[in-house]
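Take a look at the structure below.
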Number of protein chains: 2
Amino acid sequence: MASADRTVDSADRGPTLKDVARLAEVSRATASRAFADHSSIAAATRMRVLDAARMLGYTLNQPARSLKSGRIGLVGVVLPDLRDPFYAHIAAGIDEVLQDQGFAMIMIMGRGGDQVAAIERLRSHRVGSVIVAPTSTAIISAIRAAKLVAVHVHTTHHSLVSDCVTGYDYEVVRGIAAELITLGHKRLALLLRSPETSATRGRAAGFLSAIDAAPSTVSGRLVAPHTDPRITSWLPHLDGASAVIAGDAGITSRLLQEARNRGVCVPRDLSVVSLGDLDWMTAFDPPISAVDLHPHAMGRHAAETLVARLRGDAPAPPVEIRVLPTVNRRGSIAPFRES
Amino acid sequence: MASADRTVDSADRGPTLKDVARLAEVSRATASRAFADHSSIAAATRMRVLDAARMLGYTLNQPARSLKSGRIGLVGVVLPDLRDPFYAHIAAGIDEVLQDQGFAMIMIMGRGGDQVAAIERLRSHRVGSVIVAPTSTAIISAIRAAKLVAVHVHTTHHSLVSDCVTGYDYEVVRGIAAELITLGHKRLALLLRSPETSATRGRAAGFLSAIDAAPSTVSGRLVAPHTDPRITSWLPHLDGASAVIAGDAGITSRLLQEARNRGVCVPRDLSVVSLGDLDWMTAFDPPISAVDLHPHAMGRHAAETLVARLRGDAPAPPVEIRVLPTVNRRGSIAPFRES
DNA sequence: CTGTTAGCGCCTTCAT
DNA sequence: ATGAAGGCGCTAACAG
């Protein structure tokens, strides 16, 4: 009955620049200039064109425009998993800036080999730039091959010639470990889950550096199974440690869960510090000490850097922006006591 | 020094179909068919073309393709905030399916008026379809005006003629409220934060329905401030309730934090149920009772529905897919006791 | 099954 | 400051 008004011909693709030009009584070239060129067009003419466009509900056809110009106003974002709040916050930061700057983002989740496939997909959409985490040799060469302008977030790489936004993984972990040692802890553990990146390497190095700087009665254990994160149980790997640094919020919650189930009391039996700070951590009893890595700010910086790079014509040298973490000391750490 | 090898002419846009066709010694049309058309091309020819493409490192130019065909292999995703794990999980589910099906997603965060702006932006990229949450009259008419194929997630709308994926907000809240009443609670509260949607309305209705069905000694309080979520304090609004249903994980953690700070003991003084189940809830002491709304599955269903709609030629009637929630009863609920 | 022909909507010289 | 013409890379009719 009401199906009559359904447009059979799906080629109804809305008004084009030609329509706008006709209504504004100018040539297509002039109409085009009204949208892009900011110089060689009379203000009055441009206004007329813009009015006509509004009247018709015209929208620039970005794909068509990209055909000629190459530019497309689209930025690729390749992140491993949005279910990890760390990356979700990065994504949110990126989105904020990109929207402000008039870009849209093609988001693709993937790690390892998928990352390379993602780059390939971006290439097919003629995306000219990408924000990516984490970094690896594979992704770097894929990006280079695709000639993309890239910004790397959270991790960097020795062979990297692009801009990147990182943290202070080495420093912060070393500092925390030192703090725990000062509190009298003799056996520490660092729990890591991600694949090997500059971040995990930095954390491991910082951890070991703190251990090395301490008396030989202090030992540190590095737990970094590169296996399926979902079946990992952390507690058995602690090896009697009385203080532990958890590599991300997921590890922290899993660890706390195990501790509760097995009657391990935090902080009496175990001091805990989380790398990554979330709302629920302050709700916990005891409140969990956590390092805020400021992933949202990282995302913002990454996007800002990328946009600057896209707009800037002068080939400036790559920069590394480092975001200072905030250490929030709360109840989950305590001086060591013999049990 | 090393700047000599920098390509001055940025028009270096890689191999085109024409190059592939030449190498494979076929016409451009045939080469094109090798990628799209699955029927009218000889297997041997297609293989030859594909080989040539691989040899040249050729990638389909989606924007150019869209110029003629209208299709572009891009789906818009408009979600309010990825920092909310509920939406992050939806996004993850969507991404999984879309990648499998060869689509990429343009993700734009936004709520309220921003949603409409997002639709406009998608339109300029000639995206033909969108997955969106939450629903509102404004977004519905924007989608209709842009003639997009849409799937709505989590919420519906009476004026909706598109597909949607929803939950059982009414039923689940009613059931939980009834359960709490059975446990002897006389004063309940439902905490909601989102704007008015079918989901929040359903929850409110389910809540009130359970209260109505109970003896008149039972009262329920609906707390739904549509103000800035970040400065909201929930505890003062509880009005002496001994059992509370928290509308999302963020509310839950904030509430638990306040409870701890003010010496309110869960579940002795306050029974808590969270709408939305996250890892950390089982780590809590007591473990938090929570309803898993399965946002990841919702995302998957939404994407699957959309893809089916895009592929299907027959204009099938819109469907509503409802995802059954899972109620995980844990230690944060207890029978009512006089204090 | 394959080639030919004509644009899709836009931008960019080159004139004027 | 504006118009005319050609082509970006691809696909959809139509022939053959």
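Just so we're clear, the structure is a prediction, and the values are computed from it rather than from any experiment. Convention: sequence-line order gives letters A, B, ...; per-chain numbering from 1.
The distance between atom CG of Leu56(B) and atom P of dG9(D), rounded to the nearest whole Å, is 14 Å. In this structure, Arg123(A) atom CZ and dG9(D) atom P are separated by 13 Å, rounded to whole Å. Look at CD1 on Ile72(B): it is 16 Å from P on dG9(D), rounded to the nearest Å.
Under 4.0 angstrom from either OP1 or OP2 of dT2(C) there lies no side-chain N or O belonging to Ser40(B). In this structure, Ser27(A) does not reach the dT2(D) phosphate: none of its side-chain N or O atoms is under 4.0 Å from OP1 or OP2.
For Ile140(A), the side chain to side chain contact (heavy atoms under 4.5 Å, CB included) partners two or more places apart in sequence, or in a different chain, are Thr135(A), Arg144(A), His152(A), His157(A), Ser159(A), Leu160(A).
Salt-bridge annotation for Asp51(A) and Arg48(A): absent, with no side-chain N of the basic residue lying under 4.0 Å from a carboxylate O of the acidic one.
Val323(A) and Val165(A) make their closest contact through CG2-CG1, 4.0 Å (heavy atoms, listed as atom of the first residue, atom of the second, distance). Of all the heavy atoms in Ile72(A) and Pro63(B), the pair that sits closest is CD1-CG, 3.9 Å.
For Leu67(B), the listed nucleotide lying nearest its side chain is dC8(C); candidates were dT2(C), dC8(C), dG3(D).
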* **Per-nucleotide protein contact string for nucleotides 10-16 of chain C, where B marks a base within reach and S marks sugar-phosphate only (heavy atoms under 4.0 Å, - for neither)** => BBB----
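Checked by atom type, the side-chain pair Gln101(A)/Arg311(A) shows a donor-acceptor distance below 3.5 Å.
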* Asked: side chain to side chain donor-acceptor pair (under 3.5 Å) between Thr59(A) and Arg123(B): does it pass, once the steps are laid out?
  -> CA-CA 7 Å; Thr59(A) 316; Arg123(B) 206 158 88 88; 2.7 Å; yes
